[in-house]
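Nothing fancy with the numbering, it's 1 onward along the sequence. The analysis underlying the following values was restricted to heavy atoms, covering all of them including side chains, and did not include hydrogens, waters or symmetry mates. Computed from a predicted structure; not experimentally measured.
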Amino acid sequence: MMTEHSEFPEIAPLSPRQEMVGRALRHSGFHIGLFVMSVTLLCALFSPLIAPHDPYVQDLAGKLQPPVWDAGGSWEHIFGTDTLGRDLLSRIVYGARVTMVVGFGTAILSGAIGSVIGICGGYFGGRIDAFVVFLTNVKLAMPGVLLALSLVSIFGGSLFTITLIVGLLFWDRFAIVTRTA
């Protein structure tokens, strides 16, 4: 479509989503973070194929071997071994699975709880908003990591328990952002 004062066609403005995607694709930090997350996710998914050794097998004769780049290091254990002779590269690759489960599980649970609380406070206002602000301030006053460690020691250290406890404890950041928006 041509206007009478311009020889170039009018360009439709970008939607907010298109602007966000455009900014993200131009941001070098986004590319670095995407690369690191992709490598970590691939390591977690394909850890049985990537890991050179069983991460749980102990070899006390081969304990504390240095990594390949140090003097005395070998390609047999690229990152070296720990005090029980377990291969560190294998343990890191398998550890990516646990990290992804706890990280994503906690973020989803905290995000869901905090978003619902924040939306309720922001939408209804008045006493409900005052209660949400009070509840969030009380939660922010508690030492989260210390409380999480205490609860994990009481309820046990399973993967599900850790994800649930951390997810239930760190909803406050999501509530503040959602309520403000």
Side-chain angles (χ1 to χ4, degrees), residues 14-47 50-51 55-56 67 79-80 82-84 86-181:
L14 297 176
S15 70
R17 176 171 286 152
Q18 290 172 328
E19 286 183 28
M20 179 185 70
V21 169
R23 272 187 276 137
L25 293 176
R26 289 188 305 270
H27 196 275
S28 62
F30 173 77
H31 293 287
I32 293 169
L34 182 64
F35 174 75
V36 170
M37 287 298 297
S38 300
V39 168
T40 306
L41 186 61
L42 288 174
C43 284
L45 291 174
F46 299 110
S47 55
I50 296 172
Y56 304 109
F79 286 175
D82 64 4
T83 56
L84 296 174
R86 299 173 295 194
D87 184 61
L88 289 177
L89 176 60
S90 299
R91 293 184 63 77
I92 290 170
V93 169
Y94 271 90
R97 287 179 160 188
V98 176
T99 301
M100 289 292 188
V101 168
V102 172
F104 285 127
T106 298
I108 290 169
L109 184 60
S110 294
I113 294 169
S115 295
V116 167
I117 292 172
I119 287 170
C120 288
Y123 181 75
F124 291 112
R127 289 185 176 181
I128 293 175
D129 185 39
F131 178 73
V132 166
V133 170
F134 172 76
L135 189 65
T136 306
N137 286 337
V138 167
K139 171 56 193 79
L140 286 170
M142 287 189 262
V145 175
L146 182 62
L147 187 58
L149 288 172
S150 302
L151 291 173
V152 166
S153 70
I154 292 170
F155 295 113
S158 73
L159 193 61
F160 176 76
T161 305
I162 291 170
T163 305
L164 184 66
I165 288 173
V166 175
L168 291 173
L169 284 178
F170 293 102
W171 55 266
D172 48 3
R173 284 105 174 133
F174 293 97
I176 291 169
V177 171
T178 307
R179 179 189 163 272
T180 303

Inset, instruction - Provide the full list of salt bridge (Lys or Arg N to Asp or Glu O under 4.0 Å) pairs with a residue in residues 107-123, sequence neighbours left out, each pair given once. - result: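 For residues 107-123: none.
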Excluding sequence neighbours, so at least two apart, what forms side chain to side chain donor-acceptor pair (under 3.5 Å) with [X]?
X	answer
Ser47	Arg97
Ser90	Asp87
Asn137	none
Arg91	none

Side-chain polar contacts of residues 115-134 - donor-acceptor pairs under 3.5 angstrom, sequence neighbours left out - could you list them?
from	atom 1	to	atom 2	distance (Å)
Ser115	OG	Gly111	O	2.6
Asp129	OD1	Arg179	NE	2.4
Asp129	OD1	Arg179	NH2	3.4
Asp129	OD2	Arg179	NH2	3.0

Atom of [X], atom of [Y] and distance for their closest heavy-atom approach:
X	Y	value
Phe174	Phe170	CD1-O, 3.8 Å
Met37	Phe104	CE-CZ, 3.7 Å
Ala24	Phe30	O-CD2, 3.2 Å

Legend entry - His31 NE2: over 12 foreign heavy atoms closer than 6.0 Å: yes
State which residues pass side-chain contact (heavy atoms from CB on, under 4.5 Å) with [X]; sequence neighbours excluded, sorted by chain then number.
X	value
Leu14	Gln18, Glu19
Leu168	Leu109, Ile113, Leu164
Thr99	none
Val98	Val102, Leu159

Report the distance from atom [atom1] of [X] to atom [atom2] of [Y], rounding to the nearest 0.5 Å.
X	Y	atom1	atom2	value
Thr136	Leu140	OG1	CG	6.5 Å
Thr178	Arg173	OG1	CZ	13.5 Å
Tyr94	Leu89	OH	CG	11.5 Å
Leu151	Ile162	CG	CD1	11.5 Å

Inset, instruction - Using ring pair (Phe, Tyr, Trp, His ring centres under 6.0 Å) as the criterion, list what pairs up with Phe79, not counting sequence neighbours. - result: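 Listed in chain order: Trp69.
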Legend entry - side chain to side chain donor-acceptor pair (under 3.5 Å) contacts in which one or both residues fall within residues 150-164, not counting sequence neighbours: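 For residues 150-164, and leaving out neighbouring residues, the side chain to side chain donor-acceptor pair (under 3.5 Å) pairs sorted by first residue read Ser158-Thr161.
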